[in-house]
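Below is one structure; the comments refer to it alone.
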Amino acid sequence: MTSAPIKEPAFLILSALAERPQHGYGLIEDLDRLSDGRYRLRAGSLYAALDRLRRSGLIEIDHEEVVASRLRRYYRLTGDGETTLAAEAQHRREQAEAAEARLRRGRAASTETRLA
Amino acid sequence: MNELERRYRRMLAWYPWEHRRRYEDEMVETLVAGARPDQRRPSLGDTANLARNALASHVATAVRGFSDPRWANAFAVTGLIAAIVMLGTRVRSIAQYVALDQITSNYDSLGRAAIVRLAIWLAVVALALAGPRVLAAIAAWFAVMAEIALSVYMVMPLSALNWLWTVLLGTTCATALTVPAAHRAGVRLLGRHRLILIGLGCAAGILGSAAGAILDIQNGRSSGMVAFLPVRLHAASLLGAAVAVAFVVTAVVTLDGGVRRRVVALFAPLLAVFGLGQFASRYIAYASFDIRIDVVRWIGLGLTVAVTFVGAVLLVQRREQRLHLLELGRAADRSTVSTDAL
């Protein structure tokens, strides 16, 4: 398990694989949906991220199939991958809640200033 | 295989072989799956993305390659050899000054500087042999700074090229000792016999040099600094240097293959600069009698060091890939033979 914060594409890939094993092109499409179109990874960047995640032990090969004479390889989360994703999701949730709390306090303070 | 797939495969050849072996087929599938039905050529975006990631992959592969324990061992061995050779060159300088003092007393300040450098390198060798690598590295960096400061102090343009390789040898030693390695890894890997061989080689170089200087003086061939010019070296000096080189090379070539290749790669920039220095001394120095290393020449020397080192590291990687493939081929042949036998 890695303790360093993971980057956005890696977080999205782990999130996409949390539901079911997926192959390269399936991941590109799913990442697009998960990020509301903000992350449209190209194949070079996708496989660079997959290689890093595999080396870190967060994902592994689930199975392979041949479609139209071409290799399609499916990846899945490892146990460490699930733990890392859960920890990262919790961390991001806490950060989002902290940001929202600050925003609420800031707005309340500016309203009080205007009233005064 | 259609035209688009062929073009993508050609682009994936930009990646390191390790990456291609693992991902090429599925990357082609992903790229073709994402293409438009009528698409014949890779898009500009995909081309740029593949080029950028292929380059990043090469850099990552090279960086990962340095985590190979054989590099740490090679640095330890290189640090120790370089320290011993530096000590040898400093003893050799003292021997030459002692010889020159027989005819003149103009070399007092140079002699003192030589003694300071000898003392520091002696400390480096003692620390590197005894084990405290960090202290040895600190002493080596201090020695390199002393080498540079004293070379500048001596103000002899011609000597710059002659002495540059010793500064680079010192830098190689200090850098190699700075890289973390197991306790006394250099001593363990070289072993007593190779260390004795290197020591004997240095002794031969020192004796040859001193004998050459003395014989030159007795024959009236030398009357000062000309004795330091490589082209005026006495046959005894050349013989001593040849024995020294032969002994050090023997010690290196008998090392384990993985460490040996890396030690040679670490010494490659030094050999390139030494070669350049010798070339310049022989073919340029006598034309003008004054070699000044200006900015352009410094840049050229820096590039020589960088290009030689990168080239040597790539050659090591290429050689080991080939050995790995040969081993895989042999294993496949053995497996075929055993299947046929059944």
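In what follows, every chain begins at residue 1, and chains take the letters A, B, ... in the order their sequences are listed.
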When rounded to the nearest 0.5 angstrom, what is the spacing between CD in B/E24 and CG in A/L71? 11.0 Å

How long is the span from the CZ atom in A/R70 to the CD atom in B/E5, to the nearest 0.5 Å? 5.0 Å

Taking all non-hydrogen atoms of both residues into account, name the closest pair between A/A43 and B/L31 and its distance. CB-CD2, 3.4 Å

With a 4.5 Å cut-off on heavy-atom pairs, point out which of A/A48, A/A68, A/S45, A/S69 contacts chain B the most. A/S45

Greater than 12 external heavy atoms within 6.0 Å of A/R102's CZ: no

Counterpart residues, side chain to side chain contact (heavy atoms under 4.5 Å, CB included), relative to B/L135 (two or more places apart): B/L127, B/P132

Drop me the distance from B/E26's CD to A/E64's CD, to the nearest 0.5 angstrom. 7.5 Å

Okay, A/R40 and chain B: the region with an atom under 4.5 Å from a heavy atom over there is neither

Answer yes or no: does atom CZ of B/R319 have more than 12 heavy-atom neighbours from other residues, nucleotides or ligands under 6.0 Å? no

Please say whether more than 12 non-hydrogen atoms of neighbouring residues, nucleotides or ligands are located less than 6.0 Å from CZ in B/R318. no

Determine the minimum heavy-atom distance between B/R22 and A/R54, stating which atoms define it. NE-NH2, 3.2 Å

Provide the full list of ring pair (Phe, Tyr, Trp, His ring centres under 6.0 Å) pairs with a residue in residues 21-48 of chain B, sequence neighbours left out, each pair given once. A/Y47-B/Y23, B/H19-B/Y23

Contacts of type side-chain hydrogen bond (donor to acceptor under 3.5 Å, both in side chains), residue A/E100, not counting sequence neighbours: none

Mark yes when over 12 heavy atoms from residues, nucleotides or ligands other than A/E65 sit less than 6.0 Å from its CD; otherwise mark no. yes

With chain A as the partner chain, list the residues of residues 32-56 of chain B whose heavy atoms fall under 4.5 Å from it, by residue number, and write 'none' if nothing qualifies. B/V32, B/A33, B/G34, B/S43, B/G45, B/D46, B/N49, B/L50, B/R52, B/N53

